Amino acid sequence: MSQALPPLNAIRAFEAAARLQSFALAARELHVTPGAVSRQVKLLEAALGTQLFTRANRQVRLTSGGSEYQKAASEALDRLRRATAALRSEGRERPLRVRCAAIVAMRWLFPRLRHIHASHPQMPLDFTTTLTTAHSDFDRADVVIRMGSGRFVADLARHRLFDSQLVAVCSPRLLEGGPPLREVADLRGHTLLTSGLRPHAWQRWLKAAGHGDLVPKRMIEFENSALAYDAAEKGLGVTLAERAFILEDLRRRSLALPLPFVLSDGEAFFLVYPKQSERKPYLAAFRDWVLAEARPVRLALAKPPQVTRVADVARRRAAQSAARHTGTPTRST
């Protein structure tokens with residue numbers, strides 16, 4: 001009990017009165033009466049066993065002991081205010097920092113954000129895209145979506161979202177008007193589009209498909225996968241794409257899947273964050289939302305890919321053309 005601190009209210013009243021050199025001004029700051037401030041100061045003096053102020057003609061002056069105690073009290077209360085503000089900011093204002101590759105953000109995460117905004121309209125999110133991901137990312141992010149083998153350091157929590165499945169895709173127009181593309185060997189007559197971030201992807205894919213010595217008509221390298229996907233959609237050539245990121249494009253038929261071969265080498269996309277961050281505001285809600293969005297993707301990837309045939313493209317073109325002339329809407333099948 002000899003180490004017990006004086007009452008906090010008494011310290012606050014003393015600190016305000018000492019800083020402002022007035023019981024009346026301290027009362028105004030603390031929203032109490034001057035008498036209440038005087039009583040709290042007397043309580044503190046009794047607890048400390050020493051006089052903190054000298055009082056005369058409605059004026060108060062600090063004693064030498066009071067001056068030293070005021071410095072310590074002001075410093076301690078300032079630190080407490082700063083710590084309180086930081087915690088409140090951490091809990092209510094600071095957004096959850098999410099980091100992922102640009103292709104993950106553009107092709108998978110961003111199109112789904114309306115779902116989490118609908119269920120958690122107050123959730124503040126801060127997105128950063130990056131070329132590579134590493135353990136050091138957590139200096140700048142609370143949670144990371146990245147591809148890997150699942151072997152992460154022990155202090156990271158990881159949740160497998162869906163497998164990496166590389167498939168060859170192109171524009172339906174390329175199938176209809178370009179060189180034949182019915183088997184892997186036909187890629188010799190096509191332009192292959194690649195990402196500078198995955199320079200060996202085509203080599204790995206072709207080798208796994210049994211055509212490691214294939215030389216294409218030409219190769220065009222883009223800065224990242226997102227540009228290669230867009231170039232393929234515009235008919236510039238054939239690119240390798242993560243199947244998880246083009247499911248909607250295939251459904252809309254803005255991209256076609258001409259070959260059935262899928263390269264799946266055991267890697268997957270993971271949601272990763274430090275275990276000690278699990279109690280951070282919004283992290284659990286964001287994690288649960290991402291896992292829920294990934295579930296139907298996993299189910300779709302479990303099915304064999306449906307190959308797009310030239311005849312199918314031509315038939316749909318004819319149906320669309322007829323619909324434009326008759327005004328009858330076409331139906332996707």
Side-chain angles (χ1 to χ4, degrees), residues 79-113 115-117 119-166 195-201 204 224-226 242-245 263-299 301-302:
R79 291 181 62 185
L80 187 59
R81 290 187 189 103
R82 289 195 299 270
T84 301
L87 279 177
R88 284 176 174 167
S89 175
E90 177 86 10
R92 299 180 185 177
E93 299 172 8
R94 190 175 72 78
L96 184 72
R97 300 171 301 167
V98 181
R99 193 169 175 86
C100 62
I103 190 67
V104 177
M106 296 171 63
R107 285 276 172 171
W108 191 76
L109 194 59
F110 288 173
R112 292 167 167 78
L113 279 182
H115 300 157
I116 196 168
H117 288 157
S119 57
H120 297 84
Q122 303 303 318
M123 180 185 293
L125 296 171
D126 180 4
F127 290 97
T128 304
T129 59
T130 179
L131 300 182
T132 59
T133 50
H135 187 269
S136 59
D137 281 333
F138 296 105
D139 296 335
R140 293 164 290 177
D142 300 311
V143 60
V144 170
I145 298 176
R146 61 164 300 177
M147 190 172 72
S149 61
R151 295 188 294 270
F152 299 103
V153 294
D155 63 341
L156 292 180
R158 62 267 196 190
H159 301 274
R160 192 182 188 102
L161 302 179
F162 40 77
D163 291 344
S164 169
Q165 293 187 4
L166 281 179
S195 164
L197 301 179
R198 303 179 79 171
H200 306 297
R204 290 171 45 236
N224 55 52
S225 297
E242 288 289 347
R243 194 176 161 209
F245 300 157
L263 175 60
S264 184
D265 56 6
E267 291 199 320
F269 289 85
F270 290 84
L271 182 75
V272 187
Y273 52 87
K275 291 180 179 177
Q276 65 268 25
S277 300
E278 288 185 328
R279 294 187 179 181
K280 283 192 175 182
Y282 306 115
L283 194 151
F286 181 79
R287 175 199 63 208
D288 294 345
W289 169 74
V290 169
L291 293 177
E293 292 290 338
R295 196 170 299 118
V297 177
R298 285 200 305 275
L299 294 176
L301 296 184

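Since the structure is predicted, the reported quantities are computational estimates derived from the model, not experimental observations.
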With sequence neighbours excluded, residues passing ring pair (Phe, Tyr, Trp, His ring centres under 6.0 Å) with F269: F162, F245
Residues in side-chain contact (heavy atoms from CB on, under 4.5 Å) contact with R243, at least two apart in sequence or another chain: Q165, V167, L247, L301, P305
The criterion is side-chain contact (heavy atoms from CB on, under 4.5 Å); which residues satisfy it with F110, sequence neighbours excluded? A105, L113, F127
Can you see which heavy atom on S225 is nearest to which on R198, and at what distance? OG-CD, 4.2 Å
Pairs of donor and acceptor atoms involving the side chains of residues 290-299, under 3.5 Å and at least two apart or interchain, shall be tabulated with distances.
unit_1 : atom_1 : unit_2 : atom_2 : d
E293   : OE2    : H115   : ND1    : 2.8
E293   : OE2    : W289   : NE1    : 3.3
R298   : NH1    : L161   : O      : 3.0

Non-hydrogen side-chain atoms of L263 and R204 separated by less than 4.5 Å: yes
Apply salt bridge (charged side-chain N to carboxylate O under 4.0 Å, His left out) to D126 and list each qualifying residue two or more places apart in sequence or on a separate chain. none
Sub-4.5 Å side-chain heavy-atom contact between L271 and F286: yes
Residues, nucleotides or ligands: over 12 heavy atoms within 6.0 Å of Q276 CD: yes
Give the minimum heavy-atom separation between R160 and G266, together with the two atoms involved. NH2-O, 3.6 Å
Among all residues two or more places apart in sequence or in another chain, which pass the salt bridge (charged side-chain N to carboxylate O under 4.0 Å, His left out) test with R107? D230, E233, D249
Out of the candidates F138, F270, Y273, only one should pair with L156 under the side-chain contact (heavy atoms from CB on, under 4.5 Å) rule; please name it. F138
dist M106:CE -> T129:OG1 (nearest 0.5 Å) comes out at 9.0 Å
A157 versus E278, closest heavy-atom pair with distance: CB-OE2, 3.9 Å
Excluding sequence neighbours, so at least two apart, what forms side-chain contact (heavy atoms from CB on, under 4.5 Å) with D288? none
Under the side-chain hydrogen bond (donor to acceptor under 3.5 Å, both in side chains) rule, collect the residues that match up with H120, sequence neighbours excluded. none
Flag the pair R97 and D142 as a salt bridge only when some basic side-chain nitrogen lies within less than 4.0 angstrom of an acidic carboxylate oxygen. yes
Tell me, please, which residues at least two apart from S277 pass side-chain contact (heavy atoms from CB on, under 4.5 Å). P274, K280, L283
Return yes when atom CE of M123 has more than 12 non-hydrogen atoms of other residues, nucleotides or ligands closer than 6.0 Å, and no otherwise. yes
Gap between atom CD1 of I116 and atom CG of L109 - 0.5 Å precision: 8.5 Å
Between G196 and P199 the two heavy atoms that sit nearest each other are O-CD, 3.4 Å
Roughly how far, to the nearest 0.5 Å, is CE of M147 from SG of C100? 13.5 Å
From R151 CZ over to R158 CZ, what is the distance, rounded to the nearest 0.5 angstrom? 11.0 Å
Residues S164 and E242: closest non-hydrogen pair is OG-OE2, 2.8 Å
